[in-house]
There are 2 protein chains.
Amino acid sequence: MPPSSARAPRSDAVNNRARILAVAADAFAASSGVSMTAVAKQAGVGVGTLYRHFATREELIVELYHHEIQKVIDLAHSLAADLPPLDALRRWFEEVARYGKLKHGVSEVIHAATNGGLDDKNYQPFLGAIAALLDAGVATGELKPGTDPEDVLLQLSVLWRIPPGEGAEARADRILELILDGLRTRPQAPAPDPAPDLQDDLPTPSGRSGTATRTPSPA
Amino acid sequence: MPPSSARAPRSDAVNNRARILAVAADAFAASSGVSMTAVAKQAGVGVGTLYRHFATREELIVELYHHEIQKVIDLAHSLAADLPPLDALRRWFEEVARYGKLKHGVSEVIHAATNGGLDDKNYQPFLGAIAALLDAGVATGELKPGTDPEDVLLQLSVLWRIPPGEGAEARADRILELILDGLRTRPQAPAPDPAPDLQDDLPTPSGRSGTATRTPSPA
DNA sequence: AGATGAAACGGAAGGGCTTCCGCCTTGCCC
DNA sequence: GGGCAAGGCGGAAGCCCTTCCGTTTCATCT
């Protein structure tokens, strides 16, 4: 390729970048709540320098974890090749969820992506991974055709917003299942008749999950 | 009731609260990017006072919009009563999406809710609204039983994260449909046999079919 | 009216992300 | 080797949300 407009990068810049990444890797490994200022200080550079290299916090994180991201992407492709489409999709979803919990970075990246703040370098392959899984399912007729990978990614981003604690894991599973069902093809029902034949008698129609009507809150 | 522990609220507090709300209503109507400091200044109080009345930015917004929220909640109940369950649900989803776009507040509130930062006063009725819609569908057998309204709310929260512009509206529609399908019951396929009888043989499992990557909308 | 204590007030301060801009280093060319 | 721009560097500063705490005000009790 023609070396047209790009001078060689300056050596100090190269060093700084490397040092920043090294420091940041350590810092984020210890805890995900690391401030840009802290990273800069530890790396022995000013914040300005930090921001010269990584225009935004997200961008730094993306860089840090793009390795992990790549693993997730690769996994998608291999699952798509090895497993029945639905299983592949489910497994991948679970894996994504798991990654997001363990390595906080993956979720941050997806978050960045769904916020539009991710450049093609990481975003496109991710979409490609999803597309591969979807395509496999479309091919066997188990998944609806025409689903946009970006939409799926957006739906997945919900996973990182589950408040942690108690039943977080179960909840993630439930939601994954909902997403999955949304993606599947819908077999023709033999009897679309809306008559409720199974429900004999429910004395209390609102029986379950605290359908409590509003509290009498005065304005 | 015993006037046990609650003194009458002080008059200055009452006045300040009212003034803050009035000012904030105007400010947020003009643009959603209003800082707490700005609100406090315009209301002629210190930030400390502002925060005494509304412990957090979200809380102020919730208070501002809880009127709109109530409308959405009421709508859910009346739709659930008047329309076939699936239509009711779809219509309500659409309305929620629309509200979120127009009045920025509704979405902020849902965002707060799904972040766990919303107290019962607004959160529970919202869940109740969703539960009503779900229950109606469960009763007719069109929706899966046992879906947690909170999960649905979380899924809806995705709507506010669609980057605005170009095909945002269409995308919201697509996603709503995905969510909806995830909630529906899955009719028994006549042939539950896993053998693919329609597909002869797909030699290339990785062949990218129609799910071509969408053109990345210009960020 | 005067005293008194609980609650409200105000704004400085802390911590975060990001931008801006004057100064300095590096690498190239003469 | 010396000069010169391009680009990197550093950190102050701007804006945000929120917390803290000394000071002030209100409502009540004497």
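Below, chains carry the letters A, B, ... as their sequence lines are ordered, and counting in each starts from 1.
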message: Quick test of your reading of the model: are A/Glu95 and A/Arg98 salt-bridged, counting only N-O distances below 4.0 Å?
response: yes
- prompt: Do the charged groups of A/Asp181 and A/Arg184 touch, with an N to O distance under 4.0 Å?
  reply: yes
Report the distance from atom [atom1] of [X] to atom [atom2] of [N], rounded to the nearest whole Å.
{"X": "B/Glu59", "N": "D/dC17", "atom1": "CD", "atom2": "P", "answer": "15 Å"}
{"X": "A/Lys41", "N": "D/dC9", "atom1": "NZ", "atom2": "P", "answer": "19 Å"}
{"X": "A/Met36", "N": "D/dC15", "atom1": "CE", "atom2": "P", "answer": "20 Å"}
{"X": "A/Tyr51", "N": "D/dC15", "atom1": "OH", "atom2": "P", "answer": "17 Å"}

- prompt: Which letters describe nucleotides 9-14 of chain C, given B = protein heavy atom under 4.0 Å from base, S = only from sugar-phosphate, - = neither?
  reply: BBBB--
N/O (side chain, [X]) to phosphate O (OP1/OP2, [N]) under 4.0 Å:
{"X": "A/Thr56", "N": "C/dT18", "value": "yes"}
{"X": "A/Ser35", "N": "C/dG16", "value": "yes"}
{"X": "A/Ser11", "N": "C/dT25", "value": "no"}

query: If each of B/Val34 and B/Pro9 is mapped to the nucleotide of DNA chain D with the nearest heavy atom, which maps nearer the 5' terminus, i.e. the 5' end?
result: B/Val34
query: Excluding sequence neighbours, so at least two apart, what forms side chain to side chain donor-acceptor pair (under 3.5 Å) with B/Asn16?
result: B/Arg19
statement: The side chain to side chain donor-acceptor pair (under 3.5 Å) partners of B/Arg10 (sequence neighbours excluded) come to B/Asp12
Atom CD of B/Glu169 with >12 non-hydrogen neighbours under 6.0 angstrom: no
- prompt: Near A/Arg91 CZ, under 6.0 Å, is it more than 12 heavy atoms from other residues, nucleotides or ligands?
  reply: no
- prompt: Any donor and acceptor pair, going by atom type alone, linking the side chain of A/Trp92 with main-chain N or O of A/Val72 inside 3.5 Å?
  reply: yes
Residues in salt bridge (charged side-chain N to carboxylate O under 4.0 Å, His left out) contact with B/Arg57, at least two apart in sequence or another chain: none
query: Could you give the angle between the helix axes at the two ends of the helix from C/dA1-D/dT30 to C/dC30-D/dG1, with five pairs per end, rounded to 10 degrees?
result: 20°
query: Which pairs with one or both residues in residues 42-51 of chain B pass side-chain hydrogen bond (donor to acceptor under 3.5 Å, both in side chains), sequence neighbours excluded?
result: none
